[in-house]
Protein chains: 2
Amino acid sequence: MATQDADIFDDMRHRLITGEFGYGTKLRAEKLRQDYNCSASTVREVLFRLSTVGLVDFQEQRGFKSPYQSVERQHELTHMRILLETEGACLSIRLGGVEWESRLTAAHHKLSHIETRVRSSGDLIPLLGLWSRAEQEFHETLIDACGSGLLKRTHVVIYEQFRQQLVSAETNYGYFPENIREHQAILDAALQRNEDLMRVCVNDHLARNLTRPLPRKSYPDAFGKSSAI
Amino acid sequence: MATQDADIFDDMRHRLITGEFGYGTKLRAEKLRQDYNCSASTVREVLFRLSTVGLVDFQEQRGFKSPYQSVERQHELTHMRILLETEGACLSIRLGGVEWESRLTAAHHKLSHIETRVRSSGDLIPLLGLWSRAEQEFHETLIDACGSGLLKRTHVVIYEQFRQQLVSAETNYGYFPENIREHQAILDAALQRNEDLMRVCVNDHLARNLTRPLPRKSYPDAFGKSSAI
DNA sequence: TACGCTCAAAATTTCGAAAATCAAAGAAAA
DNA sequence: TTTTCTTTGATTTTCGAAATTTTGAGCGTA
């Protein structure tokens with residue numbers, strides 16, 4: 001049986017990612033202790049762990065908070081996702097076999113099905129949970145054959161913070177109608193094993209979350225080719 | 001005054017990075033409790049935190065270990081460093097001003113001084129502590145003007161695990177005579193603000209730690225230009 | 001010898017409270 | 001009125017021990 005610690009950790013992570021606590025809300029140890037009917041140290045332990053994966057802010061002698069939402073933060077997380085996912089996807093193209101293609105196709109099919117339902121109903125909310133899981137699954141499968149467990153673990157950490165930053169109505173939960181076309185384009189690039197195209201597709205897909213463009217090269221490339229970022 | 005927790009965390013991190021515990025050694029809570037004359041929970045808290053930054057391995061109901069050394073792990077860490085440092089250095093070139101150039105030059109000067117002493121004496125060991133700090137300082141300054149706190153924090157986490165993997169005589173502590181020339185080349189690329197050259201220099205410098213090459217593109221680039229990785 | 005079982009020792013997880021620290025409200029001084 | 005100091009209440013940090021789980025040695029059986 002799993003340890004209590006681990007259960008509380010998972011549950012708290014889920015609550016944080018789905019935005020149950022508002023941005024910048026203080027996480028009172030006493031309140032959580034009651035929620036889970038456990039001791040103070042257990043709560044503290046869990047909150048510490050969550051703080052090192054960026055889902056909780058910790059300040060010495062001042063306790064724990066759910067992180068603030070900020071354009072700055074969204075920008076940095078998006079940038080990092082682009083960096084990790086383009087790299088991971090391109091490596092998967094180089095290293096992954098037909099088995100990887102197959103899993104990616106399956107993940108895309110599931111996601112595509114949900115996004116089509118969202119489009120026809122025009123309302124994301126009732127499908128938000130399903131969609132979130134499918135979206136994460138698709139993006140994780142995309143980089144799954146990259147050959148680096150470290151890259152994949154790092155990506156999960158960044159992805160979850162990214163999701164946490166976007167779980168409010170104002171930011172549209174990170175959902176856009178263009179997703180359908182863009183996810184399809186990413187799948188196509190994977191099946192064509194075209195790395196340059198993949199970089200462009202992933203970049204376009206994620207850059208939608210930016211309010212200002214990423215910095216471009218400070219001088220023109222000798223070949224006029226756009227850089228990866 | 002800093003909290004006891006934080007002090008122990010910093011000290012343990014230092015001990016782990018400098019390889020005081022052997023690879024794969026069990027970290028006994030009771031032993032550490034005595035070392036620091038504190039309670040078991042405090043030790044546990046610290047070890048949990050260290051485990052989420054990869055300096056300690058944690059297994060449910062089985063406690064904490066110093067991580068194993070493996071070629072696989074070194075490979076993945078090197079790969080990740082290349083990814084983060086090329087990106088960070090190129091962004092610094094785009095965004096950093098003369099103030100950044102100046103700090104990088106200063107960091108290089110300090111590092112260069114130490115590496116010259118190592119070369120003439122032929123013995124790294126007495127200067128290992130100094131060199132390590134200077135090396136880290138140089139590489140962190142390199143990406144310091146990248147504009148993303150997230151990228152910098154992620155890099156520190158990766159860098160420290162990388163260092164931890166190399167702190168034994170067999171791996172030469174990650175030191176090579178070629179360092180002098182390579183660090184100089186990186187500085188030059190920065191001052192020339194040449195991003196393509198920077199990618200090549202950083203790549204060459206770090207790839208030295210690899211026992212097998214990184215996967216190349218699966219088909220020739222249209223322009224015959226080598227990719228970032 | 002090999003395999004499985006039981007039981008005790010060792011280690012980990014969880015607890016609840018004491019000690020230390022911070023924050024807010026109110027009193028005193030400028 | 002504004003500023004500084006003090007007290008009190010709330011929160012965080014640290015502790016040491018109880019409860020739980022794993023480890024491994026010893027024993028019996030195929």
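Throughout, a chain's letter reflects where its sequence line sits, starting with A, and its residues are numbered from 1.
Comparing atom distances between the A/D5 side chain and each of D/dT14, C/dT12, C/dT14 picks out C/dT14 as nearest. Nearest nucleotide to the A/E45 side chain, out of D/dC15, D/dT14, C/dT14: C/dT14.
Residue B/E30 is classed as having no contact, given no heavy-atom separation below 4.0 Å to the nucleic acid. Residue B/S41 is classed as a base contact, given a heavy-atom separation below 4.0 Å to a base.
Residue A/T3 places no side-chain N or O under 4.0 Å from the OP1 or OP2 atom of D/dT21. Side-chain N/O atoms of A/K26 include one lying less than 4.0 angstrom from OP1 or OP2 on D/dT12. Distances shorter than 4.0 Å separate none of the side-chain N or O atoms of A/Q4 from OP1 or OP2 on D/dT20. Phosphate proximity of D/dT13 to A/R44: present, with a side-chain N or O under 4.0 Å from OP1 or OP2. Under 4.0 angstrom from either OP1 or OP2 of D/dT21 there lies no side-chain N or O belonging to B/Q61. For D/dT14, the OP1/OP2 oxygens have no side-chain nitrogen or oxygen of B/S39 closer than 4.0 Å. Close to D/dT11, at under 4.0 Å from its OP1 or OP2, lies no side-chain N or O of A/R62.
Between the side chains of A/H183 and A/H108, no donor N or O sits under 3.5 Å from an acceptor N or O. Residues A/E30 and A/Q34 bring a donor and an acceptor atom of their side chains to less than 3.5 Å of each other.
Whole-Å rounding puts the B/D7 CG to D/dT14 C1' distance at 14 Å. Rounded to whole angstrom, the span from the NZ atom of A/K65 across to the P atom of C/dC22 amounts to 16 Å. At whole-Å resolution of the value, CD in B/Q34 and P in D/dC15 are 14 Å apart. In this structure, A/E60 places its CD atom 10 Å from C1' of D/dT13, rounding to the nearest Å. In this structure, the CG atom of A/L32 is 13 Å from the C1' atom of D/dT11, given to the nearest Å. Taking atom CG of residue B/L27 and atom P of nucleotide C/dA11, one finds them 13 Å apart after rounding to whole Å. Rounded to a whole Å, the CZ atom of A/R28 is 13 Å from the C1' atom of D/dG9. When the P atom of C/dA11 is taken as reference, atom CG of B/L47 falls 15 Å away, rounded to whole Å.
Atom CG in B/L77 sits 12.0 Å away from atom CZ in B/R163 (nearest 0.5 Å).
Distance alone, capped at 3.5 Å, places no donor-acceptor pair between the B/T3 side chain and the B/A6 backbone.
Ring orientation note: the planes of A/H109 and A/H113 are close to parallel, at an angle under 30° on the 30°/60° scale.
Remark on DNA chain C: of its neighbouring residues B/A29 and A/R33, the 5'-side contact belongs to B/A29, judged by nearest-heavy-atom nucleotide.
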